[in-house]
Amino acid sequence: MKNNFIILIIIPVILVIFPVAVSGMDRSPKPDAIIIDDETGEPIEGAVAIAIWRGPKKDCTLIQGLEGGCWGALRIEETVSDKEGKIFIKDFWDWHLGPDRYPRLTVYKFGYVCWDQKKIFEPKWKWKNRTDFDKDNRTVRLKKWPEGFSFKEHAAFKRNVTNGDYSISETPLFIKAFESEGLGIMQELEKKYPSKIK
């Protein structure tokens with residue numbers, strides 16, 4: 001009689017818990033961002049994303065503090081988008097340094113304009129502030145590279161929005177992706193400063 005009572009309690013508990021546990025296992029994690037082509041809306045595979053957590057450094061001297069040198073990269077993570085355009089970066093939306101102090105995300109693929117979480121690249125140094133990306137709206141819309149954009153100015157934009165910290169990443173995916181623009185920069189410089197060597 002006692003065993004029957006225990007079984008009557010255990011069976012409903014299992015019937016409630018089991019479907020919840022199984023449905024939790026079926027769910028794939030929500031991507032930190034989805035990268036798509038701005039014109040077609042198609043996902044972009046192979047785009048390089050770099051997330052940089054910045055904040056006050058712990059080992060700052062008084063002189064560095066007075067000179068403004070106590071702020072820097074605390075953590076850098078890089079990844080590449082999958083065939084669905086999804087990127088996953090450990091702790092991207094979870095580990096932050098206080099209110100609105102999430103890491104800064106920058107995304108690039110050759111043939112597209114560099115996308116940044118806080119700034120929008122525009123020619124002639126007219127960069128604008130971005131307001132269309134946050135925890136609720138995780139879509140990164142890459143624009144195709146338009147004819148006439150300056151590779152040199154684009155390189156300056158990339159350096160500015162990342163504070164050049166891509167160069168100290170342990171997995172130099174971002175810096176390698178940008179190497180593909182080197183020829184464009186050299187051609188621009190050659191037009192502006194023609195070589196006197198023949």
*Donor on one side chain, acceptor on other, Asn129 and Lys118, under 3.5 Å*: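 Judged by distance alone, the side chains do not pair up.
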*Quick one: do the Tyr112 and Asp37 side chains pair a donor with an acceptor below 3.5 Å?*
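A donor-acceptor contact under 3.5 Å links the two side chains.
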*Are Asp116 and Arg104 side-chain neighbours, meaning at least one heavy-atom pair lies under 4.5 Å?*
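Yes, close enough: below the 4.5 Å cut-off.
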*Backbone N or O of Thr106 within a donor-acceptor pair of the Lys158 side chain at under 3.5 Å?*
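Checked: no pair found.
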*Answer yes or no: does atom NZ of Lys176 have more than 12 heavy-atom neighbours from other residues, nucleotides or ligands under 6.0 Å?*
no
Proximity of [X] and [Y] rings by center, below 6.0 Å:
| X | Y | result |
| --- | --- | --- |
| Trp115 | Phe157 | no |
| His154 | Phe149 | no |
| Phe88 | Trp93 | no |

*Hphob cluster co-occupancy, Tyr108 + Val80, side-chain heavy atoms under 4.5 angstrom*: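 Both belong to a single hydrophobic cluster.
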*Path from Ile34 to Val140 over hydrophobic side-chain contacts below 4.5 Å*: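 No; Val140 is not reachable from Ile34 via cluster members.
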_From Asp32 atom CG to Thr79 atom OG1, the distance as rounded to the nearest 0.5 Å_ = 9.0 Å
*Please name the pair of heavy atoms, one in Arg159 and one in Tyr166, separated by the smallest distance, quoted to 0.1 Å.*
NH1-OH, 3.5 Å
*In sequence, state the C-alpha distance, the side-chain angles, and the governing distance for Arg75 and Glu77, and then conclude on salt bridge (Lys or Arg N to Asp or Glu O under 4.0 Å).*
CA-CA 7 Å; Arg75 179 178 164 194; Glu77 297 286 341; 3.2 Å; yes
